[in-house]
Amino acid sequence: MLVLALGALVILGAIFAQPAPLEEAVVAAPPSPERPTSTVIVPPAPLEETVVVLPSLDGHTGTVIVQRGGERHVLNRPFAASRLAGGQSEMVQLSAVEVRQSFAVTLEALPARPTTFLLYFVRGTDELTDESKQELKKILAELKQRPVPNIMVVGHTDTVGKLEANDLLSAQRAERMKGFLTEIGIPASQIQTAGRGERELLVPTADNIDEPRNRRVEISVR
Amino acid sequence: MRWALLVCLFCFAAGVWAGDVGQIKAATGAVFLERQGQRLPATAGMPVQESDTLVTGADGSAGVTFSDNSVLSVGPGSVLAIERYAFDSTTHNGHFDASLKKGTLAVVSGKMVKQSPDAMRVRTPSSIMGVRGTEFVVKVTEPGS
């Protein structure tokens, strides 16, 4: 039994150890399962590498520190690059155009950035304010563009009323939003909801204070 | 029967949550995840785990979003190993070690780098990168390939 299982594992291993079929497509010869991968000799030619720092969406540029052998390149300006070519390691300044072009397919595949939206409610209800109703339309339109969104909806209240009642209301607010999200086709399994009542005030207030900015939901999308 | 159902439910839950550190958001062309010696075709929605290796074919590209809100993508002909990943959503502490063996990579760092600037490291065959924040791209070309 054990021998059989081991045999099956070896066979499976052999199948999965094959090079990817997509690599095979380039080679003229038909794929041969017996061909050991170890006979492919990689020439000891020098490697080429490029690391480039990009400005983020808000215009700020971060820092990447590249350690290559004994060299240390601190990249902290837009499109500053650390490059290894022809055995030479150097820091160079690239242009936005050449970087965007050279990495076009890769940058295109970058998922939409995780983000958080805030919406506000009419006092004591799970009805959005008129302004937030307009905002919701924009948010739903944006969410439709995301291929497989994971969403967390957290409801909140102001400090008017009892703690328990506010826990309930905040949960209702979150659930109401979940309803809008499932209506546009986002699977309910991808949406988590929670109510925090008056336990996490955006604007700290005393008890029983009517504060519109605390009557909110946070919709976090990943 | 009831036990079998329970076990199934557990497996499902485990499959969805245990060890999942990110999710494939987009996959175009040939894209695979190598996990524990298996090569799984990768599609949008598929979870990504620590120790997975993301592999794309000559026509492939893929985007992944991680639990700390970092996002990354790989272009055609890439091999990217997610060597170590952990993130504590309460403290925002964690670590993220990835290794680009070949191909192209774009990264937007997330919450753990904001919390501790040494949390994320990306390796290439020749170098190691410390990520102090935000966005960068990497290309590794093996001559002759």
Side-chain angles (χ1 to χ4, degrees), chain A residues 9 12-13 16-18 20-23 25-26 42-43 45-58 60-69 71 73-76 82 84-85 89 99 102-115 146-150 190 220 222, chain B residues 23-30 32 34 37-39 44-45 55-67 69-76 78 103-110 113 117 122 124-145:
Chain A
L9 271 178
L12 275 177
F16 286 113
Q18 276 182 58
L22 37 111
E23 300 282 347
V26 187
V42 179
L47 193 78
E48 287 188 12
E49 293 185 8
T50 312
V51 182
V52 195
V53 167
L54 310 181
S56 64
L57 294 178
D58 64 10
H60 173 259
T61 301
T63 302
V64 172
I65 296 162
V66 182
Q67 189 78 44
R68 183 181 294 122
E71 278 189 68
H73 295 162
V74 179
L75 311 176
N76 55 14
S82 166
L84 174 70
S89 175
V99 175
S102 172
F103 288 90
V105 179
T106 312
L107 290 169
E108 178 72 20
L110 209 53
R113 313 296 155 81
T115 186
R146 296 195 176 225
V148 274
N150 293 109
Q190 298 300 308
S220 301
R222 185 150 66 208
Chain B
Q23 187 184 41
I24 303 231
K25 294 293 186 182
T28 309
F32 300 94
E34 289 179 350
Q38 291 200 331
R39 174 169 274 206
V55 180
T56 58
D59 64 342
S61 67
V64 183
T65 300
F66 289 85
S67 60
N69 282 356
S70 52
V71 298
L72 64 77
S73 59
V74 289
S78 300
T104 54
L105 166 71
V107 176
V108 182
S109 65
V113 168
V122 177
T124 63
S126 86
S127 49
I128 180 158
M129 279 159 257
V131 181
R132 300 289 182 274
T134 62
E135 313 197 13
F136 63 100
V137 289
V138 187
K139 180 179 279 184
V140 174
T141 312
E142 293 170 311
S145 68

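Each chain gets a letter, A, B and so on, in the order its sequence line appears, and its residues count up from 1.
The two residues A:Pro111 and B:Val64 come nearest to each other via the heavy atoms CG-N, 3.5 Å. Between A:Val53 and B:Phe136 the shortest heavy-atom distance is CA-CB, 4.1 Å. In this structure, A:Phe103 and B:Val138 approach most closely via the heavy-atom pair CE2-O, 3.4 Å. Closest non-hydrogen pair, A:Leu57 versus B:Glu135, comes out as N-OE2, 3.5 Å.
Chosen from B:Ala106, B:Gly45, B:Gly130, B:Ser126, the residue pairing most often with chain A at heavy-atom distances under 4.5 Å is B:Ser126. Annotation: maximal heavy-atom pairing with chain B below 4.5 Å, among A:Ser220, A:Gly69, A:Gly62, A:Ala109, occurs at A:Ala109. Heavy-atom pairs under 4.5 Å with chain B peak, among A:Ala85, A:Pro147, A:Pro114, at A:Pro114. The candidate with the highest count of non-hydrogen atom pairs below 4.5 Å against chain A, out of B:Val131, B:Leu72, B:Leu105, is B:Leu72. Options A:Val66, A:Val52, A:Val64 differ in how many heavy-atom pairs under 4.5 Å they form with chain B, and the most are formed by A:Val52. Ranked by heavy-atom pairs under 4.5 Å with chain A, the list B:Asn69, B:Thr28, B:Val122 is led by B:Asn69. The candidate from B:Gly60, B:Gly63, B:Ser78 with the greatest count of non-hydrogen atom pairs under 4.5 Å with chain A is B:Gly63. Comparing B:Ala26, B:Ala62, B:Gly29 by heavy-atom pairs within less than 4.5 Å of chain A, the highest count is held by B:Ala62. Chain B forms the most heavy-atom pairs under 4.5 Å with one residue out of A:His60, A:Glu108, A:Arg68, A:His73, and that residue is A:Arg68.
Here the side chains of B:Val137 and A:Thr106 are not in contact, with every heavy-atom distance at 4.5 Å or above. At least one side-chain heavy atom of B:Val71 sits under 4.5 Å from a side-chain heavy atom of A:Arg113. B:Glu142 places a side-chain heavy atom less than 4.5 Å from the side chain of A:Leu47. Between B:Ser127 and A:Leu84, the closest side-chain pair of non-hydrogen atoms is not below 4.5 Å.
Using a 4.5 Å cut-off between heavy atoms, A:Gln190 contacts chain B through its side chain alone, with no backbone atom that close. For A:Ser102, the parts sitting under 4.5 Å from any heavy atom of chain B are the backbone and the side chain alike. Heavy atoms closer than 4.5 Å to chain B are found in both the backbone and the side chain of A:Asn150.
The number of heavy atoms from other shown groups lying within 6.0 Å of CD (A:Glu71) is above 12.
Panel note: side chain A:Glu49, backbone B:Thr124; no donor-acceptor pair is recorded below 3.5 Å.
No side-chain N or O of A:Arg222 forms a donor-acceptor pair with one of B:Thr65 less than 3.5 Å apart. Remark: the A:Ser56 side chain and the B:Thr134 side chain contain no N/O donor-acceptor pair separated by less than 3.5 Å.
Of the inter-residue distances, the one linking A:Asn76 atom CG with B:Arg132 atom CZ reads 11.5 Å to the nearest 0.5 angstrom.
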